[in-house]
Structure formats: structure tokens, C-alpha cells
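Take a look at the structure set out below.
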Amino acid sequence: MSEYDEDEGDESSIRLGLWWSLALLIAIGLVVVVFFFLRPDAPIESVNERPSSGPVTQRTETPPPMFPFSNVTDAAGIRARHVNGAYGDRMLPETMGGGVAFTDVDNDGDDDLILVNSGFWPWDSSFSSELSAINVYRNDIERFVDITATSNLQSSFYGMGIAVGDIDQDNDTDLFVTAVGANHLYRNDGDHFTNISQEMGVGGDDDAWSTSAAFFDYDNDGDLDLIVCNYVTWSKSINESVDYQLTGIGKAYGPPTDFAGTQSYLYRNDGSHFTDVSVEAGIHVTSQAGVAEGKALAVMPLDLNQDGWMDLIIANDTVRNFAFINDRGHQFVESGIDLGLAFDTSGQATGAMGIDAARYQDNKIAVAIGNFANEMTSFYVGHDGTFSDDAVISGIGAKSRRALTFGVLFVDLNLDGHAELLSANGHVEPEINRVQSSQRYKQPLQLFWNCGGACTRTYQPVSLRGDMGVPLAGRGLTTSDIDADGDPDLVVTAINSVPVLLRNDHPGTGDWISIKLKGAQSNLEAIGAEVTVTDKDGFTQHQQVMPSRSYLSQVSLVLSFGLPANEQPEVDVNVLWPGRALEKWTNLARGQRHVLNEGNGIAQLDTSAR
């Protein structure tokens, strides 16, 4: 054997040993794999995210209930169609829509319907007809009857929003309508309305653009004052100079960032006249450069710090939101940043549209603000004097991001004692789908069911079908119990469309109670009152009498409370009148509407000095 042959034999032995080693390792590996794949599964630990308050608990997710609604617009006789006057030059006000109000204009005990229209532009020669900016429908229970002509409200201007209040304490409903241009105040004279804008001093500037408005008593003197939101500095020539374009579309509606900000109005009611106290009361917000910072689209009066004086939150589009704290009727201090209401969770201003507020977990104040597309609906929750945006942990955030939201509304649609959050949605650019495949001009309503603590997240998105799920270029949103069956019905306004009246077909159980307050002089004098309803098992709910909610709109003054099933047929009601006194009514029957008059309850506490 040569030396070469010996080396080859040794190498063969080494290779053989390596192959046996490799085979052994593969066998061991197969045994390990078989062991791990065939052994019984170990239990997987379930981890729940921590809610905004309270301990981490294990919950079984409850499926959302049904929310049956029927579109009864045509059957109810509602024909008024919103017109935005668009003719191709993309005037920014064309994107904003018109407001809607449920309020009792004829004092017959049920809510009538008022719709605000926009109309044609005076320089557009292709349209010669004039449209009424206001349409009034009398509620005849099963139908609504158009009484615009006999009400003396036929007037042509480019309308926006509406506010209702009894400005002269004669126990009827007066109307304030905002516009592109001068605003309009109509006094209710029983069988007709009279325009008293100029003599009362609330017309505003002829070149202003006003949006939402609210009547409220900021100085606790017993009469209703008026806050009016102004949006951006706008005119036809300014709009044309912006000349905003979208690739693939051409001329498009410019964002509010291309327009200068404005100052809102605060009018103090002095009886025979309103006085503009905007500057002295601290409502004007100006940058260090002397530029107006506001671009206001919605306003919510409420007592943020529970000191007995009404404060204000104003939703601003693309700039920070304002929170005005009332210093005992003398002046407002803008505190949005300090309170945590100015920005979203990332510290950015949002495209804020509509606003509403309600009581949340453990009686905390929650404020919802609808925002632009690709921005979550803001959900600010009060925590020991400041607010945090709890949109994500509440369950609202992710599912609301895609929608472009205008009107928002807290309302207990299924009468279980917990308020859902409903939003009216729709884009501003009709051709948006050509440049953003995820966006549509017409979008369906969005509903978040309040599961009342039975779920990991309080709000659960509901897939809407039928009449509730029809896409709209939605804007205004309001509620009232139009058929007196205890459940809240809805109206949604939409661009260039007849509004949608949605009747709530929730099966009646009698587990509800409705409260209508009458102040010392007027029903509307109760604006700002806080109502607490407690059943015999101790289940407690809180609502505020505030018609100015949502976006450009007004809700019913009648408060509806859903009640958990209970063998005890009565509930107790506490009313904290605006800056006055706390009264209690005991053993009020379920399944009925109750009218509570100031001074007729059991006095609990004199709060007039608050």
C-alpha cells in the first residue's frame, strides 16, 4: 500500500465518522421537533389593555345590539333640499353644508324641524332663482308640514348654522341663523317671526363668515347671552387668489391653512339690546404678531370646572382648540393648552369640525370633537382638572380615523342608560376618490356602541346596515323624540341633498323617562341646567340641557334617559338650575315625559352665590 493509499483510507474513515455524527444530530433534531409539535398546548395568558381608569379586568366581549332605524323622510313630508351653489370655481363655503334644529316653535309640546340652506352665489348668472335660507316644518306627529311661508321666514342669504333661545323671556323660541355675510336674529311673535338683527345689534360684519352659535347665560343674570363662531377670512377674490389645485383633478377646495384666522363674537343680553363684549370678555385670541388665531366651526358651552359658571370649548379647524374658563361672569381666560384640550395626543392641531360633551366613567366629563380624514375623532376625558385624549383606549380612535367627521353626538339610542357616540361624515372634495383610493365623498354614519363597562374598551364600532348605512356627504346632526315613544330619532343634513329623517324603531319597553324643564320665566331659560336621574337600584345618569351641540345644529330641549330594567317603576330626579339652586323630584314614573317647573321641586341647596 502506498503512502497515498494510507492517507486515502484515513480520510475515508473520517468521512464515515462525520456522516454518522451528522445522522445522529439529525435524528436528535427530529425527536426534539416531534416533541414540541406533538406535546399538549400550554395555556396562553390573556392580556387586556388598561382602560383610562380602574383595575385591569378579564372581560368577555359582548356583541353589539341591533340599532333598527327607518328612513321616513319622504313619508314625513320633508322636501327641502340643501343647495350649496357650486358652479365649478370651488368656493370654500360650498363644502360646509347647512345646520338643523329640533325645537318647539309653536309651543304645542312637540319639536318642530328647522333646516338652514345655503343657496346660489349672487355673481353666478346661470342661476336666477332665489332659495329661502330657512325652512320650517311643523311637527304633526306622523308628518311634518312646511310652514315657512306663513312664518315670515322666507329670506335669501348663504346660510350656515342655527341657535335657539328665548331672548326676551316671553316663553317662545327665537332663532339666530348664521351666514356667509351678516347674521340674522328672528323674534318669535306667535304666528310669525320678525327679523330684529339690526336693532338688537347681532348682525355682525357684512364680510364675516359665521358658523355655529349658542345661547347660554354666561353672567348668571337670568337671560340668555350669545356666542357666535367665525371661521376664516374669506371672500370671492381671496378664494380665487388661493387657486388651490389637486393633481388629476384641477381646481379644488383649498384647506383652511390657506386662509387667515378670525375672531368670534360674544354678545351680552342687556334686555332690549345685545352688546358685543368679545374683546373685554377675553374671547378674542391673538398671536404675538397681532394675528387672529381662531378658525372656529363649533362651540360647546358647559361648566368645565363645576364652579357654577358656564365655560366654552371652541373647535378650531387646523389650529388649536380653545377652552374659555369663565371668571364669574367678568371675563373668560383661554386655557385650552393648560387643560389639555388644544391638541391631539401627538401635540398637533386637528381639522376640528363638530363637538359634543357627555358624562363618562365615574361621572367624568368627556368631550368628543370630529376631525378631518386620516385624523381620529378626539375623545378628551377629564382627570383631576385636566383632560387627556383617550380616543384609542376608549375604542373610538382607530375606527374613526378614515372618516371625515362633521357632526358628533352623544345619544342613548338603545335606551340602556349609556350614551352611544354617533358621527355624520362626508368629504369636502367630490372627486377625492380619484387621488385617494381610501376616501369617498359620500360616507356613512358611524356609530360607536357604549357597552357600559361590559367590554375591554367602552366604545365598540357597529357595522351599520340598511337606512343607517347609506353614504352621504353628511354635515349637521341632531336628535329628538319626534313620535313621543321614548327613544331618540335622528336627522342628518347633507350637501345638495334632502335631509335624512331616521326613525328609531327600538322595541318599546317603557324603561325610559323624558324630562323637560321650565325655568322661572321660560322653557329655554333652563339652558345650562344639569339633570341627574337615579333609579331605585342606584343607577345614576347625568345630562345637561344644551341645545347647541354637534355641528351648526341644535338638539331638542327634552332630555331622554334610558333605564335598565327594574321592578321599581319610579326614579328620582335632581335639577341644578344655571347658577341658582338644586331641586329634587322623587318617585317620577317611568315611560312618561315629565315637565319640571323651577321652584316646584324640593329645594336641596341654595347655590345662587356660586
Side-chain angles (χ1 to χ4, degrees), residues 212-221 224-230 261-269 275-288 292-316 319-344 347 349-350 352 355-360 363-369 378-390 527-530 542 544-546 548-549 576-580 607-610:
S212 295
F215 285 105
F216 74 119
D217 184 5
Y218 85 87
D219 50 6
N220 282 352
D221 65 350
L224 291 175
D225 311 298
L226 176 64
I227 178 73
V228 183
C229 293
N230 286 322
T262 60
Q263 307 287 10
S264 294
Y265 306 131
L266 177 65
Y267 297 103
R268 185 184 64 222
N269 188 342
T275 302
D276 186 342
V277 295
S278 310
V279 176
E280 64 192 77
I283 293 300
H284 283 189
V285 180
T286 305
S287 70
Q288 291 183 347
E293 293 195 10
K295 296 183 180 182
L297 284 178
V299 59
M300 184 74 213
L302 75 167
D303 187 358
L304 274 170
N305 54 6
Q306 298 293 283
D307 66 349
W309 298 84
M310 294 293 286
D311 310 304
L312 296 168
I313 304 176
I314 290 182
N316 286 310
V319 297
R320 63 186 173 95
N321 302 317
F322 298 151
F324 293 101
I325 299 302
N326 189 341
D327 183 12
R328 301 183 66 83
H330 303 298
Q331 194 175 36
F332 288 86
V333 180
E334 203 290 294
S335 307
I337 294 176
D338 292 340
L339 290 174
L341 292 162
F343 304 111
D344 65 10
T350 61
I355 188 171
D356 199 9
R359 296 290 179 167
Y360 191 48
N363 197 28
K364 296 184 181 76
I365 294 174
V367 178
I369 295 180
S378 300
F379 187 73
Y380 300 102
V381 179
H383 304 280
D384 299 323
T386 60
F387 288 78
S388 63
D389 189 349
D390 291 358
I527 288 177
E530 297 181 16
H542 307 267
Q544 177 183 246
V545 180
M546 179 50 63
S548 298
R549 295 164 56 192
L576 179 60
W577 298 94
R580 299 182 181 89
T607 59
S608 59
R610 295 196 318 169

>> Please evaluate residues F387 and L304 with respect to the criterion side chain to side chain contact (heavy atoms under 4.5 Å, CB included), reporting the C-alpha separation (whole Å), side-chain torsions for both, the decisive distance (0.1 Å), and the verdict.
In response: CA-CA 10 Å; F387 288 78; L304 274 170; 3.5 Å; yes

Close side-chain approach of [X] and [Y], heavy atoms under 4.5 Å:
{"X": "V228", "Y": "Y267", "answer": "yes"}
{"X": "N230", "Y": "K295", "answer": "no"}
{"X": "F324", "Y": "I283", "answer": "yes"}
{"X": "W577", "Y": "E530", "answer": "no"}
{"X": "M310", "Y": "P578", "answer": "no"}
{"X": "W309", "Y": "N220", "answer": "yes"}
{"X": "I365", "Y": "L302", "answer": "yes"}
{"X": "N363", "Y": "H542", "answer": "yes"}

In short, Q331 meets A281 closest at the heavy-atom pair CG-O, 3.4 Å

Item to check | Closest non-hydrogen atom pair, F215 against S548 | outcome: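 Shortest heavy-atom contact: N-OG, 4.1 Å.
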
Could you tell me the separation between the [atom1] atom of [X] and the [atom2] atom of [Y], rounded to the nearest 0.5 Å?
{"X": "S278", "Y": "H284", "atom1": "OG", "atom2": "NE2", "value": "4.0 Å"}
{"X": "M300", "Y": "D311", "atom1": "CE", "atom2": "CG", "value": "11.5 Å"}
{"X": "L266", "Y": "L312", "atom1": "CG", "atom2": "CG", "value": "7.5 Å"}
{"X": "S264", "Y": "F322", "atom1": "OG", "atom2": "CZ", "value": "7.5 Å"}
{"X": "D303", "Y": "I325", "atom1": "CG", "atom2": "CD1", "value": "8.5 Å"}
{"X": "N321", "Y": "T350", "atom1": "CG", "atom2": "OG1", "value": "5.5 Å"}

Self-check item: Contacts of type salt bridge (Lys or Arg N to Asp or Glu O under 4.0 Å), residue E280, not counting sequence neighbours
Solution: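 For E280 there are no salt bridge (Lys or Arg N to Asp or Glu O under 4.0 Å) partners, ignoring immediate neighbours.
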
Would the distance check show the side chain of [X] and the main-chain N or O of [Y] forming a donor-acceptor pair, the cut-off being under 3.5 Å?
{"X": "S378", "Y": "A368", "answer": "no"}
{"X": "S212", "Y": "L297", "answer": "yes"}
{"X": "E334", "Y": "A323", "answer": "yes"}
{"X": "S335", "Y": "V333", "answer": "yes"}
{"X": "D225", "Y": "N269", "answer": "yes"}
{"X": "N316", "Y": "V319", "answer": "no"}

| task | Show your reasoning for whether side chain to side chain contact (heavy atoms under 4.5 Å, CB included) applies to Y380 and I313. | result | CA-CA 12 Å; Y380 300 102; I313 304 176; over 6 Å; no

Contacts of F332 meeting ring pair (Phe, Tyr, Trp, His ring centres under 6.0 Å) (sequence neighbours excluded), chain-then-number -> Y218

Exercise. Salt bridge check: are R549 and D356 linked by an N-O gap of less than 4.0 Å?
Worked result: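 So R549 pairs with D356 through a salt bridge.
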
Please walk me through it: do K364 and R359 pass side chain to side chain contact (heavy atoms under 4.5 Å, CB included)? CA-CA 5 Å; K364 296 184 181 76; R359 296 290 179 167; over 6 Å; no

Pair V285-R320, side chain to side chain contact (heavy atoms under 4.5 Å, CB included): steps then yes or no: CA-CA 11 Å; V285 180; R320 63 186 173 95; 3.6 Å; yes

Side chains of D219 and H330, donor plus acceptor under 3.5 Å: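 No - no donor-acceptor pair under 3.5 Å links their side chains.
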
